[in-house]
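Notes to accompany the following structure.
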Amino acid sequence: MTTRRTFLKSTGGYLAAAGMSPVIASAHAPETTAAPDTDLFKLGMAGYTFVHFKLDQALEMMRKVDVRYLCIKDFHLPLNSTAEQIEAFHAKLKESNVTGYAVGPIYMKSEAEVDRAFDYAKRVGVKLIIGVPNTEFLPYVDKKVKEYDMRFAIHNHGPDIALYPNAVSIWNEIKNLDSRIGFCFDMGHDRRNGDDPVADLQTYTKRIFDIHLKNVTAASKEGKTCELGRGVIDVPAFVQALRKVGYSGSCSLEYEKDMKDPLAGIAESVGYFRGVCEATRSGKRKS
């Protein structure tokens with residue numbers, strides 16, 4: 001099996017052949033599309049990455065690494081935003097060639113908060129909510145996805161909190177609910193919980209609607225977010241699994257290291273991910 005070190009060399013060679021540093025290369029790499037020899041999944045950013053930054057600053061960082069899809073957090077667009085505020089928000093994203101494709105994560109501890117989340121998503125104009133509802137409200141969420149015809153993706157949070165620590169805990173709650181209720185699969189938290197992100201991706205693929213792209217320093221609660229190519233998760237194997245299952249949603253980088261100065265780590269992670277995608281595609285073409 002090809003080691004992660006080999007892939008690091010491959011991605012480095014890919015960047016060097018282009019005559020670029022990793023940061024510059026990632027700023028000019030094309031987005032993935034459904035064309036031949038490209039991938040169905042797209043690279044995005046999880047809004048929580050920018051919790052310490054205003055929207056303009058977040059969009060500037062996204063421009064620098066040429067990432068064009070954003071999962072919208074309510075600190076950038078409040079849940080009670082007016083129609084005018086939402087219109088202005090989308091106009092600002094458009095200026096940066098960014099599309100807001102989902103909202104959340106949003107925590108929900110009452111039916112009123114579930115109602116608010118669905119109304120918010122409808123007004124924002126997205127069809128995907130990343131949510132963390134208390135389990136007793138899942139029957140009500142089931143009712144709302146039918147009413148609004150929206151997909152609802154539950155975020156796993158690893159060993160830090162008891163609510164949805166891993167993929168199987170989500171599956172046990174949703175397996176008999178509407179198929180529009182699924183996962184926002186956080187691969188980093190999955191590994192911190194001692195689970196295998198590649199295996200879980202393949203097991204639950206039909207209900208995975210969004211992915212938080214992340215690597216961590218250890219397969220335990222003590223594991224911390226790190227640059228995508230430097231952790232314990234085999235990212236090349238994960239990319240190959242994405243192709244195997246035909247995943248066509250977003251892989252949104254959630255970078256939780258150096259959160260007050262994250263650009264260097266974001267750029268390295270974006271460059272690494274694109275390099276891995278290119279290197280593994282190239283390997284497939286040569287085989």
Side-chain angles (χ1 to χ4, degrees), residues 15 18 20-35 38-106 120-130 151 153 184 209-214 225 227-228 248-275 277-278:
L15 299 174
M20 302 175 183
S21 70
V23 173
I24 296 173
S26 61
H28 294 280
E31 286 295 322
T32 56
T33 68
T38 58
D39 292 310
L40 296 173
F41 53 85
K42 57 184 178 286
L43 178 60
M45 289 297 303
Y48 184 68
T49 300
F50 304 116
V51 65
H52 296 295
F53 297 91
K54 295 181 179 179
L55 179 62
D56 288 339
Q57 295 170 307
L59 292 174
E60 176 63 20
M61 283 186 266
M62 291 183 68
R63 283 195 296 270
K64 286 180 177 178
V65 295
D66 194 25
V67 175
R68 302 178 183 180
Y69 298 92
L70 176 67
C71 186
I72 301 164
K73 275 294 289 178
D74 55 4
F75 49 72
H76 284 150
L77 185 64
L79 296 171
N80 62 354
S81 294
T82 65
E84 291 75 19
Q85 288 171 322
I86 292 170
E87 182 179 0
F89 176 87
H90 284 306
K92 188 166 288 189
L93 263 59
K94 187 175 181 180
E95 289 174 2
S96 296
N97 199 20
V98 169
T99 298
Y101 73 90
V103 294
I106 302 173
Y120 173 68
K122 181 178 180 180
R123 291 186 296 108
V124 172
V126 298
K127 298 289 285 184
L128 176 62
I129 298 171
I130 314 302
R151 292 191 301 168
C184 171
F209 305 149
D210 194 40
I211 290 173
H212 278 180
L213 190 64
K214 186 183 296 180
T225 300
E227 293 81 359
L228 198 61
S248 59
S250 291
C251 294
S252 287
L253 179 68
E254 187 173 47
Y255 190 71
E256 296 175 304
K257 179 184 177 183
D258 304 323
M259 293 194 76
K260 293 187 177 181
D261 187 20
L263 181 57
I266 291 171
E268 179 180 327
S269 298
V270 167
Y272 175 79
F273 184 72
R274 286 178 169 146
C277 291
E278 176 62 22

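Note that this is a predicted model, so its numbers are computed, not measured.
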Under a 4.5 Å cut-off applied to non-hydrogen side-chain atoms, are [X] and [Y] in contact?
| X | Y | result |
| --- | --- | --- |
| Leu213 | Leu43 | yes |
| Val103 | Arg123 | no |
| Gln85 | Pro78 | no |
| Glu256 | Tyr48 | yes |
| Val67 | Ile266 | no |
| Lys42 | Ser248 | no |
| Val51 | Met259 | yes |
| Ser81 | Phe89 | no |

Please report the interatomic distance [atom1]([X]) to [atom2]([Y]), rounded to the nearest 0.5 Å.
| X | Y | atom1 | atom2 | answer |
| --- | --- | --- | --- | --- |
| Leu263 | Met62 | CG | CE | 12.0 Å |
| Asp39 | Glu278 | CG | CD | 9.5 Å |
| Asp210 | Cys71 | CG | SG | 6.0 Å |
| His76 | Gln57 | NE2 | CD | 8.0 Å |
| Asp258 | Glu227 | CG | CD | 7.0 Å |
| Leu128 | Arg151 | CG | CZ | 5.5 Å |

* Set of side chain to side chain contact (heavy atoms under 4.5 Å, CB included) partners for Lys92, sequence neighbours left out ->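 Counting only residues at least two positions away or on another chain, Lys92 forms a side chain to side chain contact (heavy atoms under 4.5 Å, CB included) with Leu55, Asp56, Leu59.
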Would you say the side-chain atoms of [X] pair up with the backbone N or O of [Y], donor to acceptor, closer than 3.5 Å?
| X | Y | result |
| --- | --- | --- |
| His90 | Gly100 | no |
| Lys214 | Leu253 | no |
| His52 | Asp261 | no |

Looking only at heavy atoms, what is the nearest atom pair of [X] and [Y], with distance?
| X | Y | answer |
| --- | --- | --- |
| Tyr255 | Gly265 | OH-CA, 3.4 Å |
| Lys73 | Pro105 | NZ-O, 2.9 Å |
| Val270 | Val65 | CG1-O, 4.0 Å |
| Ser252 | Ala46 | CB-N, 3.6 Å |
| Gly47 | Phe75 | O-CZ, 3.3 Å |
| Ile106 | Leu79 | CD1-CD2, 4.0 Å |

* To do: Using the test salt bridge (charged side-chain N to carboxylate O under 4.0 Å, His left out), find all partners of Glu60 that sit at least two apart in sequence or belong to another chain.
  => Arg63
* To do: Apply side chain to side chain contact (heavy atoms under 4.5 Å, CB included) to Ile211 and Phe41, showing your working.
  => CA-CA 10 Å; Ile211 290 173; Phe41 53 85; over 6 Å; no
* To do: Return the orientation label for the Tyr101 and Tyr69 ring planes: parallel under 30°, perpendicular over 60°, tilted otherwise.
  =>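 Geometry flag for Tyr69 against Tyr101: perpendicular rings.
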* To do: Kindly indicate, with the supporting measurements, whether the criterion side chain to side chain contact (heavy atoms under 4.5 Å, CB included) is fulfilled by Met61 and Phe50.
  => CA-CA 9 Å; Met61 283 186 266; Phe50 304 116; 3.8 Å; yes
* **Lys127, NZ: over 12 other non-hydrogen atoms inside 6.0 angstrom** =>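 Atom NZ in Lys127 is packed in, count exceeds 12.
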